[in-house]
Amino acid sequence: EYAFNVMLKAFWQANDNDGIVRTSRLMRQANVKPNAVTFTTLMKACARRGDVRRVRKCFHHMCEAGIKPDIVAYNTLLNALRMVGDLESAEKCMEDLEMDGIRPDVVTYNTLLKLYSEKGKLCEAKALTRRMASEGIQPSEITYNIMIDACGDAGDIDAAEREFSDMLARQVSPSVVTLTSLIYAHAKNGGLFAAIRTLRQMRETYGVSPNWISYACVIKCLDEQERHQEAAELRQEAFELGLQH
RNA sequence: CGUCCAACUAU
């Protein structure tokens, strides 16, 4: 059974949709029962093509096959809804899951937080983090990454910095994604100086190596402000570090 | 064995 699931995943990674369909047929012919993992893998494949309709169908097929969707299956459905921006269905999915007696986990919350962020609903996102805390779910590094983005996109750089401080206070280690998000939040909100400072602190204070994206956020902003000389220096520095683009 | 996060660009 695992073997088929692994095959599905392999075809998915190779972006081979026909392979996925053929493998599903093989499974039926071989009388191998799909499990929750099988369905989740298929749901993810449909979601990648933006076909939420088929994601929902997979989900229903799973239920009809007598397999109770677990938290991972719900999270996959929720993320598919997020990808098409269907907030209403996503909130309903959250209710359904709880009615099913399943506890939302940190991934569930992160996915919904990201959707609120994408909809520009910073207040709802913050409210959700409070609910998360009240349910005893600890925010992960990704939770903070999403909140930093949400604050930056909403133009509230102070809130972004507060999220970052909170993260450090709770001993959650920032990653290259966290720090790059913070750089981007500053750059986007007129804090070019702070963006550059953060790029420097990345290595020196947090022991994290910047990647090309970290540099690109600052370089683009410098170019927009006609500070081409500094931009060129950073490009050179990134090049010397072997960072590609 | 399956689910969540960052800039730009392309489709």
Side-chain angles (χ1 to χ4, degrees), chain A residues 1-13 15 20 23 27 32 34-50 55 58-59 62 67 69-83 90 93 97 102 104-118 125 128 132 137 139-153 160 163-164 167 172 174-188 195 198-199 202 208 210-224 231 234-235 238 243-245:
Chain A
E1 298 85 1
Y2 284 2
F4 281 107
N5 290 337
V6 174
M7 276 176 74
L8 287 173
K9 173 77 170 182
F11 280 124
W12 173 77
Q13 281 170 346
N15 245 320
I20 291 172
T23 307
M27 284 183 76
V32 174
N35 59 18
V37 176
T38 317
F39 282 108
T40 308
T41 305
L42 288 170
M43 284 165 63
K44 174 75 179 171
C46 296
R48 172 176 257 203
R49 306 189 328 243
V55 175
C58 270
F59 192 84
M62 170 167 43
I67 300 164
D70 61 8
I71 185 61
V72 178
Y74 270 109
N75 287 345
T76 305
L77 174 60
L78 190 64
N79 192 46
L81 295 168
R82 192 220 88 204
M83 291 191 296
C93 179
L97 155 181
I102 294 174
D105 67 4
V106 65
V107 175
T108 317
Y109 283 106
N110 287 348
T111 304
L112 246 191
L113 284 172
K114 177 75 181 164
L115 180 52
Y116 283 133
S117 164
E118 287 165 348
L128 191 62
M132 191 176 168
I137 305 291
S140 66
E141 177 224 319
I142 293 180
T143 311
Y144 286 108
N145 296 170
I146 291 168
M147 288 308 294
I148 290 168
D149 284 334
C151 297
D153 289 346
E163 293 292 338
F164 184 62
M167 180 183 197
V172 176
S175 70
V176 60
V177 175
T178 314
L179 291 157
T180 301
S181 294
L182 192 58
I183 288 170
Y184 180 68
H186 276 118
K188 183 177 181 177
T198 306
L199 180 64
M202 208 160 163
V208 172
N211 61 18
W212 168 247
I213 299 178
S214 319
Y215 276 90
C217 292
V218 176
I219 290 168
K220 180 171 165 281
C221 194
L222 283 167
D223 275 331
E224 282 168 0
L234 276 188
R235 273 184 222 279
L243 303 178
Q244 309 278 326
H245 56 288

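The figures that follow rest on heavy atoms only: side chains count, while hydrogens, waters and symmetry mates do not. Note that the structure is predicted; figures quoted are calculated from it, not measured.
The separation between Asp70(A) atom CG and rC1(B) atom P is 14 Å, rounded to whole Å. Spacing between atom CG of Asp223(A) and atom P of rU9(B) amounts to 14 Å, rounded to whole angstrom units. With rounding to whole Å, Phe11(A) atom CZ is found 17 Å from rG2(B) atom C1'.
Remark: the Asn35(A) side chain and the rG2(B) base include no donor-acceptor N/O pair separated by less than 3.5 Å.
Thr38(A) and Asn35(A) form a side-chain donor-acceptor contact under 3.5 Å, judged by distance and modelled atom types alone.
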Pairs under 3.5 Å (N/O, protein and nucleotides 3-7 of chain B):
unit_1	atom_1	unit_2	atom_2	d
rU3(B)	OP1	Lys9(A)	NZ	3.2
rU3(B)	O4'	Thr76(A)	OG1	3.2
rU3(B)	O2	Asn75(A)	ND2	2.7
rC4(B)	OP1	Lys44(A)	NZ	2.6
rC4(B)	O2	Asn110(A)	ND2	2.7
rC5(B)	OP1	Arg82(A)	NH1	3.1
rC5(B)	O3'	Lys114(A)	NZ	3.2
rC5(B)	O2'	Asp149(A)	OD2	3.4
rC5(B)	O2	Asn145(A)	OD1	2.4
rA6(B)	OP1	Lys114(A)	NZ	3.1
rA6(B)	N1	Asn211(A)	ND2	3.0

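With sequence neighbours left out, the salt bridge (Lys or Arg N to Asp or Glu O under 4.0 Å) criterion links Asp153(A) to Lys188(A). Here Lys9(A) pairs with nothing under the salt bridge (Lys or Arg N to Asp or Glu O under 4.0 Å) rule; sequence neighbours left out. By the side-chain contact (heavy atoms from CB on, under 4.5 Å) test, Met7(A) pairs with Phe4(A), Phe11(A), Thr23(A), sequence neighbours left out.
In this structure, Ala3(A) reaches neither bases nor backbone, as no heavy-atom distance under 4.0 Å exists between it and the strands shown.
For residues 37-48 of chain A, the set of pairs meeting the salt bridge (Lys or Arg N to Asp or Glu O under 4.0 Å) definition, not counting sequence neighbours, is empty. Sequence neighbours left out, the pairs with a member in residues 210-224 of chain A that pass salt bridge (Lys or Arg N to Asp or Glu O under 4.0 Å) are Lys220(A)-Glu224(A), Asp223(A)-Arg235(A).
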